[in-house]
Amino acid sequence: MPRLDFDQALNAEQLPAVTHGDGPQLILAGAGSGKTRVITYRVAWLVQEHGVDPSRIAAVTFTNKAAGEMKDRIEELLGLYPLPAFVGTFHRFALRLLRAYGPRIDLSRDFVILDGSDQLSLIKKAMQATEMSTDAYRPRAVLSAISSAKNRLLDPAQFAARADDFFSQTVVAPVYRRYQALMRAAGGVDFDDMIMLTVKLLRRDKELKQRIRDRHRYLLVDEFQDTNHAQLMLIHQVSANPEVGGNLTAVGDEDQGIYRWRGAELDNILEFERSFPGATIRKLERNYRSTQNILDASGAVVANNVHRRGKRLWTDAGEGEKLRLYKARDEVDEARWVNNLLQSLAGDHRHSEMAVLVRTNAQTRAFEDRFLRQGVPYQLVGGVRFYERAEIKDLMAYLRFVRNPMDNMSFERIVNRPPRGIGKKTLDGLLAMAAETGQAAWDTLSKDKLVGIPPRGAKALARFREQMTPVIEAAVELPLPTVLDRLLEATAYTEQFDEHDDEGQMRLENIDEFRSGVQEFAESHGYGSTEEDLLTAFLDHVSLASDTDSLKKRPGVTLTTFHSAKGLEFPVVIVAGLEENVLPHFNAQELPENLEEERRLLYVGMTRAEKRLILTTCSRRRIAGNYQDQEPSRFLLEIPNRLLDIETSPELFAPQRPSWNRPSPRSGGMPTEGMPSWSLPSAPTASKPVSGSDAVNSFFGRQPAKEASLPFEDPAPSLTVVPVNEPTPAARRIKRGTRVRHASLGAGRILNIEGSGEDMRLIVYFDSKGRKKLLAKYAQLEIL
DNA sequence: TCTCAATAACTTTTT
DNA sequence: GTTATTGAGA
């Protein structure tokens with residue numbers, strides 16, 4: 001293949017980083033400065049110019065998606081050369097070692113990886129077992145304390161020895177100990193364990209460590225600012241020559257560190273030279289992504305941080321447009337304005353070239369509603385993940401169980417799913433028996449005579465045993481997709497769902513999707529591995545997968561959080577919800593370190609933009625159902641005025657509400673004759689739709705919401721549903737059989753009405769979407 | 001033991 | 001607005 005022309009392909013900052021010889025270097029790569037390019041070209045340079053065998057190179061990142069991209073681009077550059085020994089995430093790197101050498105630190109070879117919800121339920125169990133009230137202490141807080149202990153490589157004993165406050169000493173320490181015991185007994189390992197155990201393994205096994213170091217003489221680490229202490233130690237273990245810091249190339253940007261809450265230590269990058277003496281530090285400040293205005297604005301914001309080395313990005317792309325700032329009345333107004341803006345930009349940009357970025361997932365709802373209603377194609381990244389759905393987790397647990405029947409956690413999950421008459425009593429009895437003999441539940445069930453279990457339960461258990469035994473045997477030799485099918489057959493798993501029921505249909509679809517995922521995986525990974533290994537590989541694959549990884553370029557506006565937007569870029573970016581308590585987030589106000597992280601979050605969001613950057617802020621917002629007055633984010637003040645074009649919502653100047661909807665003093669805010677609770681606008685022009693809860697608020701005499709005329713509202717009149725105890729003329733029209741229309745679900749017929757007042761629920765059969773249950777208060781139905 | 005309805009609690013970000 | 005948990009009744 002032709003040699004690469006490195007001088008040609010790289011700029012003056014990139015070239016020395018790529019052609020750096022031996023010894024540690026840190027590359028401080030600003031946003032959009034071509035950092036992936038530097039990493040991939042460095043791999044190519046090492047191989048082609050420095051004579052390094054690719055099998056001695058490893059590249060590590062945080063996300064599967066970044067790793068995948070890196071792999072593709074390295075492959076492209078290297079052509080016929082073999083690929084590096086490893087390109088992947090920290091966790092996959094650790095997993096590979098643990099699967100191979102776990103037994104050297106007494107770890108079962110076929111351990112199970114716990115996901116977040118597994119962890120949480122295990123924490124609850126551990127808290128119960130240690131008689132810790134789950135009301136007094138939030139399991140989530142305990143879990144995050146344990147996680148941070150693991151990130152600092154503290155085992156339960158070390159943690160207990162250092163615990164110096166009440167919570168750590170009396171709550172976290174005992175729960176941590178019990179949590180580990182329960183997890184190991186069940187053959188489980190959590191995400192944090194994976195790193196911690198790998199460090200332990202390498203520290204303990206000197207011979208293995210030397211082999212690993214030989215195999216990874218050149219190590220490249222991306223997103224270095226997001227490494228935690230455990231990961232830094234792992235890097236040290238793997239680096240070839242610790243006395244000189246090894247041939248480590250670390251790439252990162254301290255201004256984009258947004259995982260402090262997960263244990264990331266910015267000091268790893270800020271004090272790199274202390275960790276790796278003699279390191280060369282380089283900066284990449286030339287930006288290829290954004291206009292100078294975008295760089296100046298984002299740079300001005302992040303300049304307020306103290307914890308940074310500091311750099312100044314520049315481009316020769318020109319100033320570009322000013323940033324726009326829209327001051328919205330509330331999140332509905334915000335979404336409407338953004339929607340209109342996107343429509344008006346649709347001439348210049350495809351939908352897929354635009355993104356709306358928010359701080360919290362909850363903020364996406366208002367945008368989703370609006371986009372759905374206006375038919376704007378969009379793509380929501382994040383939220384509920386496929387693999388977290390109950391039916392998928394069930395099937396995963398089944399697969400884990402048939403691979404390793406001693407996996408008690410999976411056993412407990414599936415033993416009565418679908419319901420087979422194995423209730424709490426029966427299960428407790430079995431588990432008690434198992435605990436006595438120190439066996440797994442399945443062992444007890446298949447070998448021992450069941451005692452102390454009610455006959456009905458014993459019978460159900462026996463039936464379960466008969467169902468599972470052939471499948472467990474099949475798992476060793478039959479192809480993975482066949483095993484799954486046998487499983488579904490033997491358990492009659494799908495029969496618990498009704499395909500005519502909306503929810504049931506969705507679950508069945510998910511199961512189908514899971515089946516084809518299994519099929520696909522088997523086809524692409526099947527060569528040369530045993531069926532058992534394939535099953536293990538599949539389970540690992542799913543455990544380490546996240547939704548962002550499979551993010552395909554689909555046509556549509558991207559709607560996502562700052563966190564999952566990292567590494568992406570768009571010609572048009574809208575950064576929404578720039579308010580105090582949103583960004584910076586409510587929970588991040590006290591510590592200056594947290595505040596700086598919030599600022600970095602905004603910086604990451606702003607620097608995603610190539611050509612146009614739009615900011616929005618609301619003067620009030622509904623949070624957990626209640627309206628709250630919002631202050632503009634303090635970070636807005638950090639953007640130089642000369643870079644901003646400000647536009648204010650007309651709704652902020654016209655707070656008049658239609659008189660018929662204003663609580664009248666005479667009626668004390670209660671409804672009177674002629675004040676429709678089911679407000680049906682007589683004509684589209686007179687349409688004054690009011691959001692359900694506002695109407696509810698005024699109805700119940702609460703603080704009236706400042707609802708104004710909605711100039712951008714779609715022409716279709718919408719109906720506000722207000723729950724009432726006394727049916728008003730309009731409310732009487734809502735009964736079984738009434739035809740209604742929903743903004744996104746279309747037309748349908750009311751099947752039934754449940755409850756009354758604020759909690760009135762309507763069962764509606766929609767022509768195209770089937771049965772849905774709606775809360776009348778929020779549904780905004782239109783009577784047909 | 002299972003099903004359904006009422007209630008409470010929750011919302012920061014995720015490998 | 002959703003989702004996890006609890007409680008009552010079949």
Side-chain angles (χ1 to χ4, degrees), chain A residues 60-67 88-95 113-117 119-121 124 134-135 138-140 143-144 147 150-151 190-195 223 226-228 230-231 257-264 357-366 368-369 381-385 388 390 416-427 454 456-457 460 496 543-549 560-566 577 581-589 594 597-598 600-601 604-605 622-626 692-693 754-755 758-759 761 773-775 777-779:
Chain A
V60 183
T61 65
F62 275 83
T63 66
N64 293 306
K65 181 160 154 279
T89 63
F90 273 102
H91 288 90
R92 196 168 285 282
F93 183 88
L95 180 64
I113 303 167
L114 275 69
D115 72 11
S117 54
Q119 283 180 286
L120 205 57
S121 51
K124 286 178 191 161
T134 48
D135 289 331
R138 289 184 27 232
R140 206 168 270 289
L143 175 58
S144 97
S147 169
K150 291 182 177 183
N151 289 335
D190 65 24
F191 281 120
D192 303 314
D193 275 344
M194 289 170 64
I195 308 294
E223 307 284 10
D226 289 334
T227 52
N228 60 35
Q231 285 157 336
I258 53 176
Y259 287 106
R260 209 182 105 83
W261 54 275
R262 210 165 72 189
L357 308 183
V358 293
R359 173 71 236 263
T360 66
N361 273 315
Q363 286 170 261
T364 59
R365 188 163 298 144
E368 228 184 330
D369 279 358
V381 182
V384 190
R385 298 138 166 254
E388 308 234 320
N416 198 33
R417 211 164 305 187
R420 322 184 149 90
I422 302 169
K424 195 173 174 332
K425 269 247 166 71
T426 309
L427 184 59
R456 209 153 46 127
Q496 59 183 315
S543 298
L544 297 183
S546 77
D547 272 13
T548 10
D549 299 333
T560 193
T561 61
F562 295 116
H563 283 90
S564 28
K566 192 157 122 182
N581 297 325
V582 175
L583 185 76
H585 190 267
F586 180 72
N587 293 348
Q589 302 275 357
N594 290 346
E597 176 140 315
E598 296 292 306
R600 292 192 291 269
L601 221 32
V604 167
R622 225 168 98 171
I623 293 168
N626 302 313
S693 62
E754 290 171 4
E758 212 170 8
D759 279 315
R761 282 157 211 267
K773 197 178 207 172
L774 307 165
L775 203 54
K777 176 162 75 146
Y778 297 111

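Just so we're clear, the structure is a prediction, and the values are computed from it rather than from any experiment. Order of the sequence lines sets the chain letters (A, B, ...), proteins ahead of strands, with each chain counted from 1.
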For nucleotides 4-6 of chain C, print each protein N/O atom paired with a nucleotide N/O atom at under 3.5 Å, atom names and distance only.
| unit_1 | atom_1 | unit_2 | atom_2 | d |
| --- | --- | --- | --- | --- |
| C/dT5 | OP1 | A/K124 | NZ | 3.0 |

Using salt bridge (Lys or Arg N to Asp or Glu O under 4.0 Å) as the criterion, list what pairs up with A/K124, not counting sequence neighbours.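 A/K124 satisfies salt bridge (Lys or Arg N to Asp or Glu O under 4.0 Å) with no other residue.
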Given [N], is OP1 or OP2 found less than 4.0 Å from the side-chain N or O atoms of [X]?
X      : N      : value
A/S543 : B/dT15 : no
A/R138 : B/dA9  : no
A/N64  : B/dT15 : no
A/S564 : B/dT13 : no
A/N416 : B/dC2  : yes
A/T426 : B/dT1  : yes

d([atom1], [X]; [atom2], [N]) in whole Å:
X      : N      : atom1 : atom2 : value
A/H563 : B/dT14 : NE2   : P     : 7 Å
A/F62  : B/dT13 : CZ    : C1'   : 15 Å
A/E597 : B/dT13 : CD    : C1'   : 8 Å

Salt-bridge test for A/E368 and A/R365: reply yes if a basic N is under 4.0 Å from a carboxylate O, no otherwise.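 A salt bridge is absent here (no side-chain N lies under 4.0 Å from a carboxylate O).
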Selection from B/dT14, B/dT15, C/dG1 that lies nearest to any side-chain heavy atom of A/R365: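 Selected nucleotide: C/dG1.
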Just checking A/R140: base, sugar-phosphate only, or nothing, at a heavy-atom cut-off of under 4.0 Å?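 Sugar-phosphate only.
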